[in-house]
Structures are given as structure tokens and as C-alpha cells.
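Numbered from 1 within each chain, the chains take letters A, B, ... in sequence-line order.
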Protein chains: 2
Amino acid sequence: MLLAKRKNSASVAHADKGIDGLLGKVHQADCVEFLSKLPEACVDLIFADPPYNLQLRHELIRPNLTKVDAVNDRWDQFDGFEAYDEFCRAWLSECRRVLKPTGTIWVIGTYHNIYRLGRLLQDLGFWILNDVVWIKTNPMPNFRGVRFTNAHETLLWAKKSEKAKGYTFNYAEMKAENGGKQMRSDWTFSLCTGGERLKNGDGRKLHPTQKPLEMVERIVRACSKPGDIVLDPFAGTGTTAVAAEKHGRRWLAVEQQPDYVAAANDRLRQLRRQTERPTVQ
Amino acid sequence: MLLAKRKNSASVAHADKGIDGLLGKVHQADCVEFLSKLPEACVDLIFADPPYNLQLRHELIRPNLTKVDAVNDRWDQFDGFEAYDEFCRAWLSECRRVLKPTGTIWVIGTYHNIYRLGRLLQDLGFWILNDVVWIKTNPMPNFRGVRFTNAHETLLWAKKSEKAKGYTFNYAEMKAENGGKQMRSDWTFSLCTGGERLKNGDGRKLHPTQKPLEMVERIVRACSKPGDIVLDPFAGTGTTAVAAEKHGRRWLAVEQQPDYVAAANDRLRQLRRQTERPTVQ
DNA sequence: GTTTTTCATGAATCCTCGG
DNA sequence: TCCGAGGATTCATGAAAAA
């Protein structure tokens, strides 16, 4: 099946050619199909921000009677937990295959999906190193007053297996960043807004869930070395690619939706322009 | 099997007698066996602090060459994830059975077990309302400098099913407690230490993971009403019972280990004495 | 130009009751 | 099970508009 797919695929069969030719680009492709063509054990760090399967059933109206612009994109629709689990098992398995034994993976989610992801990681043989909580300084309130304000998301950091050795953790750099004390598992960042948030032609958010660049940069700096290869299987608007490039890591990224791919490539072109010719004072 | 067990059991068969006679006591029993004898839909709130399945493989030595007193009790030993899952499926199923349709359950854990518990909750039909992170002001550092300081634990709050209605959430009280703003999903408490921490004869901690009373009190006040019935299937040293009693809730608790049961009952006797005859000024 | 006010908005599983 | 009415409900931030 997989072999047949490979032969029929229009894209280059790169399984045994290394991945040099794929680096530094956001590839428009299905994530699992793309990963299946990569050679084993070829990346050092993975950052994955998959669909959350939010299962939103109704509209939500604010107290001022405006409607909340919720995540209702096609890519977040799954036919129940089983379908979501199956999808995640597929991409996580491929991630594990392409991860070097010295590499680590990060996954982000909310209570809607993170418990499924965490258990899947463990079932697939990954070994969790930490869970980290992103504490949001400015979360959306709970308008109906029926729950606690959902003010955090969860990140999981895992190595390839219990026995895997030699993963990268830049302890000293993290300690320095935290004012001389060990970096803890609770990280505080604001939502991605303002100039950092990519907008489309109408001035509206281009992607519903763009992550704060600073947070992804911390992950890249903590868990990889300059020259390492960083992979993002759900690239979205390319935040991981930007973080990797800013810190001298090599990278490759996959994204299904063409409009996100275009936006990400624009963003990266702009970054490179700025780097070559820094802002005039 | 279960029926036979019931007949042979020394404890009273209380399945069809209500649970009034069981209230206000810490029962020494196997949790699943005890719960299986309770009638359906008889409790309003459950707080469960199950074994974490820490999977500690080696001793951990501090930089000053002292040994870390880790959780290595028999009750935290499981034969892999599968055995742990099976155990949790059993007690969570019983919890769901005895929970009223208007009731909710809280479960606490770390990355070692919380992803298994969260997914199990979802698979059993519970509906997660929030995950809450307990941010520790004074966590144990990571002595080897190979991971981030593990500075939080995770609590899950769920109702009996997606369709379940009428659960208790004392929104206004929580908002007041948080200085007039909605209570968020990140809670900061210090570890249970000092006078609150129960000690045995040697002056050593009696229980390895005694939870901060203030945190459990918040849960009791947020999610139950005076007179409601609170259940703790892993009572340990009776923190949930103390919290319930302090706030005028009825309660019942189960604990396997006789020494914990004795300590919890001592603690509750002391609380009642204080309540009857407040401290002389 | 400067300060103040208004307004928009963010990964959201966001109600209850009676007919 | 669905529908409609009643009623209770928001925080931080940045941009735009107004003073």
C-alpha cells in the first residue's frame, strides 16, 4: 500500500536521498503522507501543534450579544474520539520513526485532546520528560460563568523511548533565562496578538490558533543545537520555522492548507530580508 | 463473584439501605469493593487522589549526597501501564456509577498518570469541564539539571456525561475569592508542609503525598453545597474529609491502609474537638 | 500632539426550564 | 427531543476613535 502510494505520488521519492533538499521550506502536503517518505531517524526536534478536536456544539454569545469567532474550520472536525485517536496514532507513529534516538518531540493541546495525545505518546513508546503549562496572561473569559476561566494550554515533551540517551537540554541557557533559577514547568506568555499576529486582506486573523513565537523559540533553544534539524508536521503560519531560522537551526515543515503555506512562506521571506538588511535606524 | 464476595464480606451489605450509616467515617477497605456496594447515584462530589504509578527506577541523590525520600510504597507499584489502566478503569467506573447525574468528579495526578486518567474519563463517558493546574510555589528542584523543574500537578474536573445538567459551580464565591475576577484554571498553592503535614512517631512525614488542605477546600466550596455528600475513594490522611467537614458537607471516605485510616480518624477527632471548643484566646 | 474612551477579540467542549 | 422564553453573564490588550 505505502509502496504503491510512493510510486504513484507526484512528489519526488526522497526516502533514500536524505532530506537536505527538503530543508528550509514549508511543504504543502498531507502530514502523514509526507512523513512516510522521509528516512528514519533524520530529525532532532519535532514541534507539533495538531488540530485540537474542540467539539464545539453551539454558538457562544458574549454578554454584549456579539458572537465568539470560534474555531470551526474543517480541519478541526473529527468523527468522535476514535477517529481523532486514529489520526493521531498515524502522525505520531511517523514522527517517532523520523525522530533520531537522541531527538525529542513537543506536542501542544488543551483538555479536549491533550489526554489522548499524552496517553498515545506513552503507548507508542515515547517517554515523557516533562509536561509544561502555558499560562496565558490574557485568556478569553468564561462568559457564562459556569466553569473556571480556561487560562492555560499544555505542552508535552518526550524522548523517543525510555532507554533513549543523549537528548539535548540546554539547562544553563534556560536557567539564565529564568533569572538564575531552574526553568520551571509553568511558562507565562500572552496570546499571540498585535503585530505578531498574521492578518489576511480583511485585517482579520489569518489562522485561528497562531502560537506565540517567543514560546516556540524557548523550545527550540532549550532542546536543540545550532545546525540541528527541526520538524513541524502542522506548520500553520510557520511559527516553528521562524523560531528555528532565527536561532540557526535547519528545519522542514509540512502544512496541508495552501493559504497557510503561502502565508508562512511570505513570513519567512520577510524574516530573511530583515536578517540580511537590518532595520534602518 | 462480586455477589459471593458481598455475602462473605464482614462489612454490612448496605446496597439497598442508603448510605446514611456510612457517612462521617473513613472506612478501611479496598476502594473498588467498597464502592461496588454503594447504591447508584448517591454522591454529589468525588475527589480522587489515586496512586500516581510513578515508575521510579533508581534512587535519586541530592547534590549534597543525601537521598531523596521518594514515593516507593507498595501501593504505587503497578505492572506497567496496562495494569494501571485496568485498575483505574475499575475505580473510575464505580465512581461514575455512584455519582449523581448532577454531581462532578475531581481527579489529581502528574504526567506519569494524568494522561491515562484523562483519556479514561473521556472513554468512560465523563465530560471534562476544566483541567486545572496546581502551580507549586516550592517544588522540588530537578537535581540533575536534565529536565525542567516539575513545578505543577494537574487536576481534572468532569461531570457524569456530556448531557448531564445541573452540576454545582459556585461561581460568585470563586470570583470573590479571586479578588473580584473569575477564578482561573491555574491555582497557586505551596506544598503541604509545616504543622499541616501529618507526622508519625519518628517525626517523619506520615504520607508521601499529603495534599494542601486549602486546595481541597477550594474544590469542596466551588463544587458542592452545604449538606451535599462528598466521597473520597483514596482518602489517605483524610484531607478531603477535613475539608468537607469544615464546610458543612457530609462525606464518606475509603482508604486501604490501616495506618492512614487511623491517622485520618485522629485528625478528624481533633478537628471536631476544635470545632466544639474553639481555641482559648 | 496628547490623553481618554470606546470597541473589538482571543483553541470555548459556556444555561435552565417548561411545553 | 426540540424549541422558545427568561435571565444571568467577561478579562486583558491593542487599535481606533474621540476629546
Side-chain angles (χ1 to χ4, degrees), chain A residues 48-78 80-81 84 107-117 133-155 188-200 202-212 215 234 236-237 239 260, chain B residues 101-102 104 118-119 121-122 125-131 156-172 174-175 178-186:
Chain A
D49 181 11
Y52 283 12
N53 185 27
L54 286 188
Q55 311 162 80
L56 305 178
R57 307 277 199 249
H58 312 283
E59 287 190 347
L60 180 60
I61 307 294
R62 300 171 195 268
N64 67 3
L65 305 184
T66 62
K67 196 179 135 195
V68 172
D69 181 20
V71 177
N72 56 1
D73 305 74
R74 279 288 305 277
W75 51 256
D76 199 49
Q77 310 291 327
F78 291 87
F81 281 131
Y84 186 74
V107 177
I108 184 168
T110 59
Y111 66 86
H112 307 82
N113 69 325
I114 199 67
Y115 299 98
R116 313 204 77 82
L117 290 173
V133 286
W134 165 27
I135 305 292
K136 301 178 182 181
T137 57
N138 52 346
M140 191 189 296
N142 184 286
F143 296 117
R144 308 299 296 268
V146 292
R147 303 184 181 192
F148 299 98
T149 305
N150 199 354
H152 74 279
E153 299 198 15
T154 301
L155 298 127
T188 301
F189 293 105
S190 64
L191 292 167
C192 180
T193 60
E196 185 185 332
R197 189 77 189 239
L198 297 192
K199 306 291 198 308
N200 63 15
D202 313 342
R204 301 175 55 127
K205 63 186 173 189
L206 182 70
H207 191 285
T209 68
Q210 187 181 336
K211 296 296 178 291
M215 184 172 74
F234 304 97
T237 52
T239 304
Y260 295 161
Chain B
T102 54
T104 56
R119 175 163 160 175
L121 281 172
Q122 293 178 319
F126 287 103
W127 195 250
I128 297 177
L129 293 163
N130 277 117
D131 55 355
L156 283 163
W157 179 38
K159 56 179 180 174
K160 190 163 182 173
S161 71
E162 181 182 358
K163 305 291 182 197
K165 289 183 177 179
Y167 66 87
T168 297
F169 178 57
N170 296 315
Y171 175 73
M174 288 297 107
K175 188 173 174 178
N178 195 39
K181 289 175 190 172
Q182 289 191 340
M183 184 68 79
R184 299 165 37 116
S185 60
D186 53 326

Side-chain contact check for A:Phe143: nearest option of D:dC11, C:dA11, D:dG7 is D:dC11

Regarding the side chain of A:Leu56, the nearest nucleotide among C:dT13, D:dT9, C:dA11 is C:dT13

Checking A:Arg147, A:His152, A:Lys136 against B:Ser185 for side-chain hydrogen bond (donor to acceptor under 3.5 Å, both in side chains), the one that qualifies is A:His152

Sugar-phosphate only, base, or nothing, as touched by B:Ile128 at under 4.0 Å among non-hydrogen atoms: base

- Task: Please measure how far the P atom in C:dA11 lies from the corresponding atom in D:dA15, and state the result in whole Å.
- Result: 16 Å

(message) Taking the C1' atom in each of C:dT16 and D:dT9, what is the distance between them to the nearest angstrom?
(response) 14 Å

> Which is it for B:Trp157 and B:Tyr167 under the ring-ring contact (aromatic ring centres under 6.0 Å, His included) test, yes or no, and what are the steps along the way?
Replying inline: CA-CA 11 Å; B:Trp157 179 38; B:Tyr167 66 87; 5.6 Å; yes

Open item on the list: Under 5.5 Å centre to centre and under 30° between planes: does that hold for B:Trp127 and the six-membered base ring of C:dT13?
Closed with: yes

Item to check | Separation of the P atoms in D:dA12 and C:dC14, to the nearest angstrom | outcome: 23 Å

Rounded to whole Å, CG of A:Leu60 lies from P of C:dA11 at a distance of 14 Å

Distance-only, no hydrogens or angles: does the A:Gln55 side chain make a donor-acceptor pair with backbone N or O of A:Phe81 under 3.5 Å?
no

note: A:Leu65, atom CG; C:dA8, atom P; distance rounded to Å ~ 12 Å

Note: contacts of residues 158-165 of chain B with DNA chain D (heavy atom, under 4.0 Å) are none

When rounded to whole Å, the CZ to C1' distance for the pair A:Phe189 and C:dA11 reads 18 Å

Every stem of 3 or more Watson-Crick or G-U pairs under 3.5 Å that DNA chain C joins, in order of first number, is C:2-10 with D:11-19, C:15-19 with D:2-6

